[in-house]
There are 2 protein chains.
Amino acid sequence: MKRNTWQRQAVRDALDGAAGFVSAQDLHASLRESGSPIGLATVYRALADLAGEGDADSLQSIEGESLYRACASGGHHHHLICRSCGTTVEIEADDVEQWAAATAARHGFTAPQHVIDVFGLCPACSRKAS
Amino acid sequence: MKRNTWQRQAVRDALDGAAGFVSAQDLHASLRESGSPIGLATVYRALADLAGEGDADSLQSIEGESLYRACASGGHHHHLICRSCGTTVEIEADDVEQWAAATAARHGFTAPQHVIDVFGLCPACSRKAS
DNA sequence: ATCGGTTTTGACAATCATTATCAATAACGG
DNA sequence: CCGTTATTGATAATGATTGTCAAAACCGAT
Ligand SMILES: [Zn+2]
Ligand SMILES: [Zn+2]
Ligand SMILES: [Zn+2]
Ligand SMILES: [Zn+2]
């Protein structure tokens, strides 16, 4: 059976507190900075569990890192993510959903899935960069 | 200036000969099997160059590996990929390009990029599965 | 509250893809 | 052909992620 540990709760809380998508490494670092002695491997395991249970959303950054974000809604949605600080905006994309489904169907593909993520520099990071 | 080497041509040819998306490691392995003494780092560099010049498409596999594929059209486009056999169809969708750019701009994000891949089962694999 | 079987943790090693080094090589304009 | 200079490739370094396994923590039962 699955047990409740303060470590897992700490990861949940840290995810909730994060502005947007974060890497396991970053989450571990910020947890340690706030005084938690949690181990790195535990953070990886907790995030994998959360993603598997649908309590967290995960995606691959452009650089290939796995990023995670608290996901309360549980519904299907997409994200606009700041490449620099991770700030995330949830995106409504019904028209794109339909486009994806129609594109698959047009070519005879079944059981369609899609990966749609938009990256950029948020206003704050854009200002810093210029 | 950019020089023409047999190594770069070998990578081009190997990509053209590959069925679908392949990793740098796989491409290097198959080149060595066909007798080429090409180095691994060179394969990585050639693939990065090809992708940068638009002669190859790249995407991140679910496991985080970078995969490459010969690209005939040259312009910006996306892919419809069979998750069973790897068969790939190139797709263009100006509507979606504009949606991605507009979505980023609407939220003040600059330097927008996007990851848009559609996966499914191709007609042949759909038939086998049913 | 205590006990005991079972799960979880965490320091560390191991993996694995990718990148950096840098001396040796090869391409190409002259 | 020569000299300059980009390119190569063996290898080391990097960096994220996963495996190991003894010790600690959890939780239901006593
Ligand atoms: Zn930002
Ligand atoms: Zn969608
Ligand atoms: Zn198929
Ligand atoms: Zn596009």
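Numbered from 1 within each chain, the chains take letters A, B, ... in sequence-line order. Because only heavy atoms are used, hydrogens play no part in the values below, and waters and symmetry mates are left out as well, while side chains stay in.
- Taking every side-chain heavy atom of A:Gln7 into account, C:dG10 is the closest of C:dG10, C:dC28, C:dT8.
- Each of D:dG9, C:dG10, D:dC27 was ranked by its minimum atom distance to the side chain of A:Met1; first place goes to D:dC27.
- B:Gln7 and B:Arg45 share no side-chain donor-acceptor pair at under 3.5 Å.
- Following rounding to the nearest Å, B:His28 (NE2) and D:dT11 (P) show an atom-to-atom distance of 12 Å.
- A:Arg45 comes within 4.0 angstrom of a nucleotide base, judged by non-hydrogen atoms across all strands.
- Closest contact between the side chain of A:Arg3 and the listed nucleotides D:dT4, C:dA17, D:dC26 involves D:dC26.
- In this structure, CG of A:Leu27 is placed 15 Å from C1' of D:dA16, rounded to the nearest angstrom.
- The side chain of B:Thr5 approaches D:dT7 more closely than any other nucleotide in the set C:dT19, D:dT7, C:dT9.
- Residues A:Asp13 and A:Gln9 bring a donor and an acceptor atom of their side chains to less than 3.5 Å of each other.
- The CG-C1' distance, from B:Asp49 to C:dT19, rounds to 14 Å in whole Å.
- Residue B:Leu40 places its side chain closer to C:dT18 than to any other of C:dA20, D:dT17, C:dT18.
- Each of A:Trp6 and B:Pro37 was matched to the nucleotide of DNA chain D holding its nearest heavy atom; the match closer to the 5' end belongs to B:Pro37.
- Taking atom CD of residue B:Gln9 and atom C1' of nucleotide C:dA26, one finds them 17 Å apart after rounding to whole Å.
- Closest heavy-atom contact between B:Glu92 and B:His76: CG-O, 4.3 Å.
- B:Asp26 has its CG atom 14 Å from the C1' atom of C:dT18, to the nearest Å.
- Listed nucleotides: D:dT17, C:dT8, C:dC28. Nearest to the side chain of A:Gln25: D:dT17.
- Here the straight-line distance linking atom CD of B:Glu65 with atom CZ of B:Phe21 works out to 13.0 Å at 0.5 Å rounding.
- Picking from C:dT18, D:dT8, C:dT8 the nucleotide with the shortest atom distance to the side chain of B:Ala24 gives C:dT18.
- Picking from C:dT8, C:dT18, D:dA10 the nucleotide with the shortest atom distance to the side chain of B:Arg32 gives D:dA10.
- Counted by atom type alone, B:Glu97 and B:His114 present one or more donor-acceptor pairs between their side chains at under 3.5 Å.
- Separating the NZ atom of A:Lys2 from the C1' atom of D:dG28 is a distance of 18 Å, rounded to the nearest angstrom.
- Residues B:Arg106 and A:Leu80 form no side-chain contact, since every pair of their non-hydrogen atoms from C-beta on lies 4.5 Å or further apart.
- Toward the 5′ end of DNA chain C lies the nearest nucleotide of A:Ile38, the other residue of the pair B:Tyr44 and A:Ile38 mapping further downstream.
- For the pair B:Gln60 CD and D:dA16 C1', the interatomic distance rounds to 13 Å; values are reported in whole Å.
- Side-chain proximity of B:Glu65 to the nucleotides C:dT9, C:dT18, C:dT21 is greatest for C:dT18.
- Atom CG of B:Asn4 is separated from atom P of D:dT7 by 10 Å (rounded to the nearest Å).
- At the heavy-atom level, A:Ser23 lies nowhere under 4.0 Å from the strands shown.
- Distances from the side chain of A:Thr42 to the nucleotides D:dT8, C:dT9, C:dA27 place C:dT9 closest.
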